[in-house]
Amino acid sequence: MQLLSNYLKHHDTDLELVELIDTLMIACKEIALQLREGALAGILGTTSDTNVQGETQKKLDVISNDVLKKVLLDNPLVRGLASEEEDDPVFGNPNGRFLVTFDPLDGSSNIDINVSVGTIFSILEAPKDVTEEGVEMFLQAGRKQVASGYVLYGPSAVLALTTGHGVNMFTLAHTGDFLLTRENVRIPEETKEFAINMSNHRFWEPSMRNYVDDLLKGAEGPRGKNYNMRWIASMVAEVHRVLTRGGIFTYPWDAREPAKPGKLRLMYEGNPMSLLIEQAGGISSTCYSDILDIQPDHIHQRVSVALGSRKEVETLLQYHCDC
Ligand code: AHG
Ligand code: MN
Ligand code: MN
């Protein structure tokens with residue numbers, strides 16, 4: 001089995017990018033170890049703080065953020081980072097080549113019940129013409145990402161990674177190495193499985209309600225087949241299922257907070273996951289446009305997300321178009 005860095009080098013990946021991905025994996029291994037200890041290390045539960053989104057921070061949100069921040073800032077390739085758990089970007093080497101945005105611990109409501117969580121990351125090139133430290137250098141559309149991925153901390157820890165040439169998966173071995181376990185992941189085009197938080201049904205747009213209502217009608221309805229449903233409340237785990245066996249995952253706009261485009265965050269949830277999904281042959285959309293084409297105007301901006309099996313997402317998009 002091939003080591004992560006050897007695999008990347010044999011596939012002509014830029015050596016500095018390989019080094020940065022290796023750095024990220026040092027942090028993710030540390031997070032995986034901490035998660036394994038759980039209550040034994042006294043790291044479950046919440047802090048008294050809230051993040052910039054107004055969400056209560058779990059102890060492990062803060063620990064994971066600190067681990068990633070420290071390890072990344074020690075690498076001179078890093079120009080700066082932006083995190084769900086940091087109000088503002090943090091800057092590293094002024095001559096660093098890369099910017100990293102990340103959700104240090106996704107699905108953190110699952111921590112205390114010992115259910116899967118993950119780390120999501122996105123890598124951008126720092127613009128060469130911007131010398132001043134500021135948020136602007138991060139505000140690049142998702143298509144500009146040079147790599148993205150996640151590490152799912154489940155029964156095993158699995159890295160799903162794209163450097164823009166397909167998606168590969170690597171499993172964390174007891175030796176501490178990430179080893180290639182799935183090459184060139186392709187998402188099945190059709191599915192009978194959907195993931196949405198049904199408790200928000202009454203807050204959705206009519207088009208989303210119509211789509212889901214038709215899924216629920218099953219074989220007797222317009223879709224002509226019976227669907228199954230999953231909701232793990234951890235985007236990493238949901239996207240991993242979609243990459244592994246297909247499906248559709250959506251967290252759409254809803255009327256609970258109408259001014260927000262959605263719950264999920266564009267720069268460290270929507271964009272990195274969208275690149276993975278597109279690179280595996282799926283679609284990722286706001287329901288109205290490709291997520292990867294959005295020009296961000298804020299590092300913490302939110303986005304409506306619908307992603308997964310190509311034909312199923314295309315059907316969802318038809319419910320949203322005037323055609
Ligand atoms: P985070 O833990 O980083 O704040 O993200 C949680 C996100 C996402 O992973 C998941 O799909 C969604 O929130 C779950 O939201 P609900 O609790 O509203 O279902
Ligand atoms: Mn998250
Ligand atoms: Mn998070």
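For the numbers below, each heavy atom of this structure counts, side chains included, while hydrogens, waters and symmetry mates do not. All of these numbers come straight from a predicted model, not from anything done at the bench. Counting convention: from 1, in listed order, for ligands and their atoms alike.
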Anything under 3.5 Å between a donor and an acceptor, one on a side chain of residues 33-45, the other on a protein residue two or more places apart or in another chain? List them.
from, atom 1, to, atom 2, distance (Å)
Q34, NE2, E30, OE2, 3.0

Quiz item: Does F249 reach ligand 1 with a nitrogen or oxygen that is under 3.5 Å from one of the ligand's nitrogen or oxygen atoms?
Solution: no
Exercise. Consider ligand 1: state whether an atom of it lies below 4.0 angstrom from any non-hydrogen atom of L105.
Key: yes
Self-check item: Side-chain ion pair, K217 and E220, N-O less than 4.0 Å
Solution: no
Exercise. Decide yes or no on side-chain contact (heavy atoms from CB on, under 4.5 Å) for T101 and N271, but give the supporting numbers first.
Key: CA-CA 10 Å; T101 69; N271 276 343; over 6 Å; no
Quiz item: ligand 1 and M235, any nitrogen or oxygen pair closer than 3.5 angstrom?
Solution: yes
Quiz item: What protein heavy atom is closest to atom 7 (C) of ligand 1, reported as residue, atom name and distance in Å?
Solution: L264 CD2, 3.8 Å
Quiz item: Does an N or O from S108, backbone or side chain, lie closer than 3.5 Å to an N or O of ligand 1?
Solution: yes
Exercise. Using the six-membered ring wherever Trp is involved, compare the ring planes of H240 and Y150 and label them parallel, tilted or perpendicular (cut-offs 30° and 60°).
Key: perpendicular
Exercise. For the pair T50 (side chain) and E55 (backbone), establish whether a donor and an acceptor sit closer than 3.5 Å, ignoring hydrogens and angles.
Key: no
Quiz prompt | Heavy-atom nearest neighbour in the protein, as seen from atom 5 (O) of ligand 1, with distance rounded to 0.1 Å | solution = D106 OD1, 3.2 Å
Quiz item: For the side chain of S234 and the backbone of G107, is there at least one donor-acceptor N/O pair under 3.5 Å apart?
Solution: no
Self-check item: Side chain to side chain, Y211 and E312, heavy atoms closer than 4.5 Å
Solution: yes
Self-check item: Min heavy-atom dist V117 to ligand 1 below 4.0 Å
Solution: no
Self-check item: ligand 1 contact by E238, heavy-atom criterion under 4.0 angstrom
Solution: no
Quiz prompt | Under 2.8 Å from the Mn ion (ligand 2), the protein N, O or S atoms, given as residue and atom | solution = D103 OD2, D106 OD1, E269 OE2
Quiz item: Quick one: are the ring centres of W231 and F194 less than 6.0 Å apart?
Solution: no
Exercise. For atom 15 (O) of ligand 1, grab the closest protein heavy atom and report residue, atom and distance to one decimal in Å.
Key: K263 NZ, 2.9 Å
